[in-house]
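In the text below, chain A, chain B and the rest are named by the order of the sequence lines, each starting its count at 1.
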Amino acid sequence: MRKDSSAAKPKRRKRQYQKQQVLTALLFLAPSLAGVCVFVLVPFVETVRRSFFNVLGNRFQGLSNYISVFQNPGFRMAAANTARFVAICVPLLILISMLMAVLVRRLKPEIGKWFKTTYLVTMAIPVASVVLLWKALFANNGIMNNILVNVFDASPVSFMSTDAAFWVLIFTYLWKNCGYDMILWLAGFDNINAGLYEAARVDGANEWQVFIHVTLPGLLPTLFLITVLSLINTFKVFREAYLVGGAYPESNSIYLLQHLFNNWYTQLDVSRLCAAAVLLAVVLLGIILLLKRAWGDEEE
Amino acid sequence: MIKRRLANVVSGIILVGLALLVIWPLWFMLTGALTSTAELNMHIGPVFNAGAEGYATWPFLPRYPTFQSLIQLLMDTPQFFVMFWNTCKLVFPQLLGQLLVGTPAAWALSKFRFPGRKLLFTIYIVLMLMPFQVTMVTSYLVNDRLGIMNTIWAIILPATFSTFPVFIMARGFDMVPGVLLESAALDGAGPLQTFFRIGVALGKPGILAAMVLSFLEAWNAIEQPLVFLKDQTLWPLSLLLSDIATHNLGLAMGASLVMLLPAVLIFSFGQKYLELGIQASGIKE
């Protein structure tokens, strides 16, 4: 906060000014704050409360809802799938998007811009628009199997009802999100001090040495940021799963938390739903606090 | 020299290969919409029609390109307009709400100093990063209490108070130099005047970035309508497209393209702001 170094009289005026500032800020914030309280914060308190109560919400049950969530086979399956998805998809996403950023940066600006646009456009393509395409590609008698059988002389793969669905999901997710992460990488590259590059060039370092000794260390904050953001975003992979397998996927390998939540929701299993939501919120809060550290605490 | 050239060739192949992975689906949708239902049935019929034999194929160009499906879709399929209109009814009120509620809030968070500001900003960030699995439960509890389940408001209202656009807009307002505000105050401008004349005018990139990101998110929404709208007559296009495919492939192809066009248009006009918005989540001051 600012220190008052001025004389006594303006001090009072300043205090009054500050008071006015707080009031104005509050007025600007009021609609949003009220909405957030009514639609998120208050119901979240209710969610926590109901997670300890029975379905009707009138009898305290201690931790039994949480225990029942952990014992639920669907929850275990969804959690395991999510963990597997994170373990495979996040590293791939980071590597591929970084490779894209490195390669795009080597191009002449006009050409690089074209590629950047092309890679980013997948972000704009609605999942619903490519549903037909994905079906045509990955169905049992779809285009992929046509290529597998008739070009490579291999046996057809049942993409939708086996573990292969998981890999289709990974591919879909990468296809949709690489462009987004590439933009983050490009911003990270631009943030590296240009003077360091010049110094390295003057010292006679070649392109590869510059990359190892200047670029990579300079990218560490970006890497951390992208890792955490990608971790958080993998909980939003339901859209891609819906694209691959619909609301009720044939293959268990792409059964995700959202599917389970939808199930409990249709069964009106509110107490388990609340317990699972609280669990998830706590896990994510942990990850987000990590992210806060990446952004730096100096929000001022 | 040779090594360098080799590196260029390899990188070129990778770049073009990846680009094809994006362009081919777009090509598929464009040519698909210009192919007649009969020809579509020949190519990808095996996938969509029960009992059909053989494997699906896809030619580079349709043999007889035609606007037949698109014309039929736009002229003789009122159901399509209902679904398209359903999507619009969900998307645009959300954006308007976020604009009205979010812009002043972002301005306050970015430009005013008040006790609890940092904490509030942290809460907004945490909320914007929570996935739908968490917010669907809170939204359900409120929607149920308010009696707006199974209406479009069950989706519009929670989205209006999404904190994500507030965050992006606040990052945009951070770029507005504080000196301008001080001189405006010296000239006797009130807080509202300052907000509109300086904040909104100079913070436009941030506002547009938030709007582009929100539009793409809302246009692509699957989870929210799936959970909160039981009544299928309210469903947006995004949920119904796979249903149409089983009835008429040509119409479904056309509908896919029409669904895609607004998103791509917004993208091409707003790419600059979209990139700004993405970077806003990445750059620390």
Geometric class of the W107(B)/F173(B) ring pair [parallel <30°, tilted 30-60°, perpendicular >60°]: perpendicular
Max heavy-atom pair count under 4.5 Å with chain A, selected residue of E223(B), E217(B), M29(B): E223(B)
side-chain hydrogen bond (donor to acceptor under 3.5 Å, both in side chains) assessment of D174(B) paired with S110(B): CA-CA 6 Å; D174(B) 285 346; S110(B) 167; 2.7 Å; yes
Chain A contact via L120(B) - which portion, at a heavy-atom distance below 4.5 Å: side chain
From CG (N146(A)) to CE (M144(A)), nearest 0.5 Å: 11.0 Å
Chain B contact via T222(A) - side chain, backbone, both or neither, heavy atoms under 4.5 Å: neither
Residue among L99(A), I232(A), V270(A) with most heavy-atom pairs under 4.5 Å to chain B: I232(A)
Residue pair Q279(B) / E275(B), side-chain donor-acceptor N/O under 3.5 Å: no
Heavy-atom donor-acceptor pair, W219(B) side chain to M259(B) backbone, under 3.5 Å: yes
R272(A) side chain vs W264(A) backbone, donor-acceptor pair below 3.5 Å: no
Donor-acceptor pair, side chain of S51(A) and main chain of V48(A), under 3.5 angstrom: yes
Segment of V16(B) engaging chain A (4.5 angstrom heavy-atom cut-off): both
Ring geometry between Y242(A) and F238(A) (parallel below 30°, tilted from 30 to 60°, perpendicular above 60°): tilted
Contact origin within V102(A) toward chain B - heavy atom pairs under 4.5 Å: neither
Interchain contact, L26(A) with chain B, by part (heavy-atom threshold 4.5 Å): neither
Modelled atom types, side-chain donor and acceptor of R106(A) and N8(B), under 3.5 Å: yes
Residue part contacting chain B, namely of Y265(A), when any heavy atom lies under 4.5 Å: side chain
Atom group of L226(B) that falls short of 4.5 Å from chain A, counting heavy atoms: side chain
Residue L279(A) versus chain B: region with a heavy atom under 4.5 Å: neither
K176(A) versus chain B, the contacting section by heavy-atom distance below 4.5 Å: side chain
Largest heavy-atom contact set with chain A, pairs under 4.5 Å, which of L192(B), T135(B), I266(B), L157(B): L157(B)
Best-contacting candidate, T103(B), I222(B), T160(B), against chain A by heavy atom pairs under 4.5 angstrom: I222(B)
S97(A) versus W185(A), side-chain donor and acceptor atoms under 3.5 Å: yes
Which atoms of N233(A) approach chain B - backbone, side chain, both or neither, heavy atom under 4.5 Å: neither
Residue F115(A) versus chain B: region with a heavy atom under 4.5 Å: side chain
L127(B) versus chain A, the contacting section by heavy-atom distance below 4.5 Å: side chain
